[in-house]
Amino acid sequence: DTTKNVTDVFSQGGLNLTATPTGASKGGTVTVTNIHADLTTKTLYADVIGTPTYTGGTAFTHDQEAVFTWATTGGSTVFPTLAAGQTLTLTNTLDTLAATSTFKSDLINGLGIKGVGLSTLNALSNYGSLDSSITVTAAAVPEASSVATMALGLAGLAFVARRRAR
């Protein structure tokens with residue numbers, strides 16, 4: 001096979017959403033980390049941590065919860081076979097993001113969204129797009145003759161060590 005399809009992308013980064021008490025929020029923070037894009041199901045998963053600062057708010061942690069789905073994937077998700085040391089970068093766009101009902105609930109509870117903020121959140125259907133770049137560098141693979149030479153050398157060392165032990 002001369003190509004490989006990218007089916008999953010993982011990120012160690014994330015984001016913090018913080019709201020101060022206003023007419024739209026009672027206050028709190030929602031942290032989104034360990035983002036995982038499943039390109040097969042077009043679903044974005046993440047760890048979501050809510051830290052409400054308002055009275056009666058309950059902190060929560062949800063591991064790898066579905067936070068967004070998307071309509072189209074722009075750009076290439078196929079890597080050709082690369083020569084040793086060759087580098088290739090793919091740029092993608094996940095377009096027409098839609099927040100899941102679970103993530104909307106996390107935003108409401110974690111940030112204490114109320115009033116006009118709640119109306120706005122419920123009216124949103126398109127959260128825009130997410131751009132990503134994936135860079136891969138092919139590792140050098142040792143030639144068979146190099147591996148055979150190393151194996152013979154190790155066998156020779158083992159033979160000498162065994163002979164000395166006698």
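- Side chain of Thr120 to main chain of Val116: a donor-acceptor pair is present (N/O by atom type, distance under 3.5 Å, no hydrogens or angles).
- Between the side chain of Thr43 and the backbone N or O of Thr41 there is at least one donor-acceptor pair closer than 3.5 Å.
- The main-chain N or O of Asp95 is never found under 3.5 Å from a side-chain atom of Thr93 such that the two would form a donor-acceptor pair.
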Apply the test side chain to side chain contact (heavy atoms under 4.5 Å, CB included) to residues His62 and Asp47: give CA-CA distance (whole Å), side-chain angles for both, the deciding distance (0.1 Å), then the verdict.
CA-CA 6 Å; His62 300 142; Asp47 295 344; over 6 Å; no
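- If you take CG on Leu111 and OG1 on Thr18, they are separated by 7.5 Å, rounding to the nearest 0.5 Å.
- Closest of all the heavy-atom pairs between Ala138 and Ala83 is CB-O, 3.3 Å.
- Note that CZ of Phe68 and CZ of Phe103 are 5.0 Å apart. Values are rounded to the nearest 0.5 Å.
- Considering Thr100, Val32, Asp38, Val67 in turn, Val67 is the only one that fulfils the side chain to side chain contact (heavy atoms under 4.5 Å, CB included) rule with Leu44.
- Put simply, the side chain of Glu65 never gets that close to the backbone of Asp106: no donor and acceptor are under 3.5 Å apart.
- Distance check: Asp8 CG to Thr77 OG1 gives 11.5 Å after rounding to the nearest 0.5 Å.
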Working note: Ile35 + Thr33, criterion side chain to side chain contact (heavy atoms under 4.5 Å, CB included); need CA distance, chi angles, decisive distance, verdict.
CA-CA 6 Å; Ile35 299 166; Thr33 61; over 6 Å; no
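- Residues Leu88 and Ile134 are members of one and the same hydrophobic cluster, defined by side-chain heavy-atom contacts under 4.5 angstrom among Ile, Leu, Val, Met, Phe, Trp and Tyr.
- In this structure, CG in Asn5 is found 8.5 Å from OG1 in Thr40, a value given to the nearest 0.5 Å.
- The distance from atom CH2 of Trp70 to atom OG1 of Thr96, rounded to the nearest 0.5 Å, is 12.0 Å.
- Residues Ile108 and Ile49 do not share a hydrophobic cluster, clusters being chains of Ile/Leu/Val/Met/Phe/Trp/Tyr side chains in contact below 4.5 Å.
- There is a path of hydrophobic side-chain contacts, each under 4.5 Å, that joins Val30 to Ile113.
- Cluster annotation: Tyr54 is not connected to Val48 through the hydrophobic network of ILVMFWY side chains, with a link wherever side-chain heavy atoms come within less than 4.5 Å.
- Considering CG of Asn109 and NZ of Lys26, their distance stands at 8.5 Å, rounded to 0.5 Å.
- In this structure the side chain of Thr91 never reaches within 4.5 angstrom of the side chain of Asp131, judged on heavy atoms.
- Judged by distance alone, the side chain of Asn92 and the main-chain N or O of Ser76 form a donor-acceptor pair under 3.5 Å.
- A side chain to side chain contact (heavy atoms under 4.5 Å, CB included) with Leu94 is found for exactly one of Val9, Thr73, Thr69, namely Thr73.
- Tyr45 and Leu130 are assigned to two separate hydrophobic clusters, defined by single-linkage of ILVMFWY side chains at heavy-atom distances under 4.5 Å.
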Side chain to side chain contact (heavy atoms under 4.5 Å, CB included) for Leu17 and Leu15? Distances and angles first, verdict last.
CA-CA 7 Å; Leu17 305 169; Leu15 61 103; 3.5 Å; yes
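- In this structure, Ala19 and Ser25 approach most closely via the heavy-atom pair CB-OG, 3.2 Å.
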